[in-house]
Amino acid sequence: MYRYDEFDINFVNARVDQFRDQISRRLNGDLTEEQFKPLRLMNGLYLQLHAYMLRVAIPYGTLSSRQMRQLAFIAERFDKDYGHFTTRQNIQFNWPKLEDMADILTHLADVEMHAIQTSGNCIRNVTADHWAGVAADEVEDPRPYAELLRQWSSVHPEFTFLPRKFKIAVTGAPNDRAAVAFHDIGLKVKENEDGEAGFEVLAGGGMGRTPVVGVTIRDWLRKKDLLAYVEAIMRVYNLHGRRDNKYKARIKILVMDLGADEFRRQVDEEFAKIDAPEVLLPEEEIQRISAYFAPPDCEKLDDNDSTLDGHLKENTAFRLWHDTNIATHKIPGYAIVNISLKPIGGIPGDANSAQMRIVAELAERYNHDEIRVNYEQNLVLPYVRKSDLFQVWQELVDAELATDNLGLVTDIICCPGLDYCALATARSIPIAQEISNHFSDAGKQREIGDLKIKISGCINACGHHHAGHIGILGLEKRGQEYYQITLGGSGDENAAIGAIVGPGFSYAEVVPAVDKIVDTYMDLREEGETFLEAYRRVGAAPFKEALYAAH
Amino acid sequence: MPLIKDNSFTKDHWTALPDGLPLAGAVDAIISFKRLEQDWDEISLHNGRVGVLLDNSSDAEALQPYLDRLDLVVLEFPVFNDGRAYSQARIVRSQLGFSGEIRATGDVLPDQAGLMMRCGFDSFEVSGGQSLEVWQRAANSLTLSYQRNYPKVGEKPRHDRSERAAAILTDTDRAGAAL
């Protein structure tokens with residue numbers, strides 16, 4: 001993991017002091033709310049429906065046990081004993097007070113964390129594949145580049161008042177678990193014909209009211225040109241992105257208006273003006289930062305563990321959890337443990353302080369002190385020995401963290417919606433809870449198979465509904481909540497935007513509609529065909545028929 | 001409008017000259033970019049110093065042919081969160097190598113001044129109510145920075161492209177900063 005040095009520590013502390021002063025100037029009237037707003041947003045502080053909300057960055061989703069315990073402490077001391085893991089590798093605290101804010105940021109700085117640029121029209125928390133460094137399919141660990149980008153973008157002098165927010169995601173594997181095509185800039189580590197690793201650069205992707213799959217603007221970029229090339233993209237966007245209409249201000253609109261070729265030409269022209277681009281990212285710095293992410297000392301183990309096999313034979317509940325929640329590790333004898341934060345009927349992504357502490361404890365004892373947070377609002381223990389899996393599972397069961405539903409219909413992504421958010425037009429959490437309860441039967445969930453339901457409570461799409469196999473978007477018409485359903489979206493390497501299936505549904509009609517969609521799929525699927533595969537084969541017609549035809 | 005330079009209020013020697021008014025005497029005149037282009041022959045012979053006001057939707061590189069004759073470039077912030085002039089200043093200072101004064105005008109707030117300085121601005125037209133004490137504190141509140149290829153708050157603007165620097169802090173920089 002990256003560790004702050006003295007400079008990094010001084011930097012976050014100085015930023016906290018700066019914000020403390022800004023808060024006091026707001027409180028004594030030197031700053032108007034309008035002037036204060038961008039300052040507080042760039043320190044992660046929102047004003048929501050009922051209270052302030054603090055969004056804390058978990059850069060590229062990596063946490064130590066000590067950091068997780070500090071989040072538990074903040075939840076307990078300054079919030080109502082829980083936090084909400086978001087779809088962007090952040091955690092949100094929903095009930096802090098303005099007067100506590102600088103102290104909370106100090107507590108975060110104490111464990112090398114911050115809330116810098118988790119909001120505002122600036123470069124946001126840089127996200128990455130949550131299985132980085134451990135996935136069997138990886139070309140290279142993407143986190144050193146995410147960390148370089150984090151440092152480079154922190155209070156950047158030129159790119160802090162952009163036309164709109166700006167999100168960068170990095171993956172190091174061909175199977176895209178970071179949804180890079182749905183980011184303003186998406187980076188994929190890949191090798192060129194000579195076997196040298198560099199980046200494919202995508203730009204102009206995004207969700208929101210105009211969902212767009214990003215386009216490749218550079219097939220392959222030298223690693224050492226990364227910061228210069230990103231700077232060129234940012235400058236073109238900062239100068240030419242629209243500022244007259246906030247709904248048309250994201251880079252995707254600029255890329256669409258110019259066309260990918262013209263956008264690429266302008267970026268290349270700007271890039272060519274940067275004198276010796278490789279100077280911006282010295283090779284020694286890539287190596288220095290990469291060294292922090294070297295894998296921990298893992299034992300040489302046999303990939304098969306007989307005690308694990310025994311437990312799998314004897315304990316059905318353990319086997320079911322193992323089948324869904326364990327992923328293949330690149331080191332023999334180790335496993336990736338996915339901890340679902342989607343208990344049946346629960347609030348997706350929420351964890352209380354006791355649960356955070358248990359995860360911290362498990363990470364310390366079994367997992368080289370490392371925890372990952374993913375954009376699907378679950379947690380990951382990336383280095384568990386197979387021989388420890390049964391013990392880890394038992395402790396997760398005790399903490400109510402052993403829900404065996406990863407990737408299944410109840411593993412729902414969901415934004416906070418009208419229960420918290422000032423932008424929301426409809427509730428999303430209760431919809432997620434009702435769907436979860438409806439499909440609570442473990443056997444039925446397995447029979448349905450891989451199915452990603454994603455729910456947003458407004459057009460801004462924080463719940464990624466456009467990328468849901470089944471997407472649900474909550475809207476409001478004449479004072480009533482209603483829900484649009486989209487089908488066929490996907491956030492992986494074959495990214496696709498879901499298509500609206502037809503007229504919307506009332507709150508009460510959503511669960512029956514989802515049920516009909518699932519039944520239709522199960523009736524028409526061929527052997528081994530997932531929901532998404534079936535949808536891509538047959539299209540929307542059978543689903544429309546099931547949902548809308550008068551029978 | 002009060003003018004701040006080097007963290008102090010300072011007398012403004014420049015006169016903003018509306019288009020159409022004659023450029024006469026030895027006055028230090030700020031003219032529009034449109035006029036600069038149209039009346040270049042007359043302007044190049046002017047006895048006083050010449051400054052230009054460039055709006056924030058214009059291409060900063062268009063200033064290049066005129067920069068040798070210019071002592072001041074004025075860039076605008078119509079509202080504080082319209083950040084185009086940060087990039088314009090960076091282009092004028094770093095890519096075009098301008099060593100004269102770059103002035104921020106419009107909605108110029110103390111909390112943004114540190115960023116502006118780092119992009120190459122060195123003077124600031126502020127609203128009448130601006131307290132110098134608040135300005136000094138806010139403008140200099142975050143003096144640490146990661147981007148070595150931009151000057152730090154309080155450092156002289158760099159217009160010499162021969163000084164190449166990384167866009168992040170290198171190990172050597174960190175050791176120096178921690179002292």
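Within every chain, numbering begins at 1; the chains are lettered A, B, ... in the order of the sequence lines, protein sequences first and strands thereafter. The model shown is predicted, which means the values in this text are computed figures rather than measured ones. All values below come from the heavy atoms of this structure, side chains included, with hydrogens, waters and symmetry mates left out.
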**Report entry** Region of A:Leu239 that comes under 4.5 Å of a non-hydrogen atom in chain B
**Finding:** both
Report task. Mind ranking A:Leu227, A:Asn238, A:Ile289 by heavy-atom pairs under 4.5 Å with chain B and telling me who comes out on top? Result -> A:Asn238
**Report entry** Basic-acidic side-chain contact under 4.0 Å: B:Asp111, A:Arg25
**Finding:** yes
Query raised in the report: Taking the side chain as C-beta and beyond, is there a heavy-atom pair between A:Asp268 and A:Arg218 under 4.5 Å?
Result: yes
Requested in this report: Answer yes or no: are there more than 12 heavy-atom neighbours, outside A:Glu33 itself, under 6.0 Å from its atom CD?
Outcome: yes
Requested in this report: Examine whether an atom of A:His156 lies under 4.5 Å from a heavy atom of chain B, and if so say whether it belongs to the side chain, the backbone or both; otherwise answer neither.
Outcome: both
Query raised in the report: Checking B:Leu142 against chain A: side chain, backbone, both or neither under 4.5 Å from a heavy atom?
Result: both
Query raised in the report: Relative to each other, are the rings of A:Tyr2 and A:Phe293 parallel, tilted or perpendicular (30° and 60° limits)?
Result: parallel
**Report entry** Partner chain A: residue of B:Met117, B:Gln112, B:Met116 with the largest heavy-atom pair count (under 4.5 Å)
**Finding:** B:Gln112
Requested in this report: Against chain B, label A:Gln22 side chain, backbone, both or neither, depending on which of its atoms sit under 4.5 Å from a heavy atom there.
Outcome: side chain
Query raised in the report: Looking at B:Asp59, B:Thr143, B:Leu115, which one has more heavy-atom pairs under 4.5 Å with chain A than the rest?
Result: B:Leu115
Requested in this report: Please check if the side chain of A:Glu285 supplies one atom and the backbone of A:Pro282 the other of a donor-acceptor pair under 3.5 Å.
Outcome: no
**Report entry** Contact origin within A:Glu278 toward chain B - heavy atom pairs under 4.5 Å
**Finding:** neither
Query raised in the report: For the candidates A:Arg15, A:Arg288, A:His240, which exhibits the highest count of non-hydrogen atom pairs separated by less than 4.5 Å from chain B?
Result: A:Arg288
**Report entry** chain A contact via B:Ser87 - side chain, backbone, both or neither, heavy atoms under 4.5 Å
**Finding:** both
Requested in this report: Could you check A:Glu158 against B:Gln147 for side chain to side chain contact (heavy atoms under 4.5 Å, CB included), going step by step and ending with a plain yes or no?
Outcome: CA-CA 10 Å; A:Glu158 187 177 341; B:Gln147 306 80 11; over 6 Å; no
Query raised in the report: Based on non-hydrogen pairs under 4.5 Å, which of A:Glu34, A:Met234, A:Gln35 is most in contact with chain B?
Result: A:Gln35
Query - Short side-chain to backbone donor-acceptor contact, A:Glu270 and A:Val236, under 3.5 Å - result: no
Query raised in the report: For B:Gln130, is it the side chain, the backbone, both, or neither that has a heavy atom closer than 4.5 Å to a heavy atom of chain A?
Result: neither
Report task. Go through the atoms of A:Leu31 and report whether side chain, backbone, both or neither lie under 4.5 Å from a heavy atom of chain B. Result -> side chain
**Report entry** Ring geometry between B:Tyr146 and A:Phe7 (parallel below 30°, tilted from 30 to 60°, perpendicular above 60°)
**Finding:** perpendicular
Query raised in the report: Heavy-atom count around A:Tyr247 OH within 6.0 Å, excluding the residue itself: above 12?
Result: no
Query raised in the report: Got a donor-acceptor contact below 3.5 angstrom from the B:Gln88 side chain to the B:Asp55 backbone?
Result: yes
**Report entry** Part of B:Phe80 within contact of chain A (heavy atom distance under 4.5 Å)
**Finding:** both
**Report entry** B:Trp135 vs B:Phe124 side-chain heavy atoms within contact, under 4.5 Å
**Finding:** yes
Report task. Check for a donor-acceptor pair, side chain of B:Asp28 on one end and backbone N or O of B:Arg49 on the other, with a separation under 3.5 Å. Result -> yes
Report summary line: Honestly, the part of A:Thr160 sitting under 4.5 Å from a heavy atom of chain B is side chain
Report task. Check whether B:Asn149 gets within reach of chain A through its side chain, its backbone, both or neither, counting any heavy atom under 4.5 Å. Result -> side chain
**Report entry** Residues of residues 115-122 of chain A near chain B, each having a heavy atom less than 4.5 Å away
**Finding:** none
**Report entry** Residue pair B:Thr170 / B:Asp173, side-chain donor-acceptor N/O under 3.5 Å
**Finding:** yes
Query raised in the report: For the residue pair B:Tyr66 and B:Phe33, does the interplanar ring angle fall in the parallel (under 30°), tilted (30 to 60°) or perpendicular (over 60°) class?
Result: perpendicular
Query raised in the report: Counting heavy-atom pairs under 4.5 Å to chain B, which of A:Gln151, A:Arg235, A:Gln18 comes out on top?
Result: A:Gln151
Report summary line: Whatever's closer than 4.5 Å to a heavy atom in chain B on A:Asp8 counts as both
Report task. Could you tell me which non-hydrogen atom of A:Arg150 sits nearest to which non-hydrogen atom of A:Val126, and how far apart they are? Result -> N-CG2, 4.2 Å
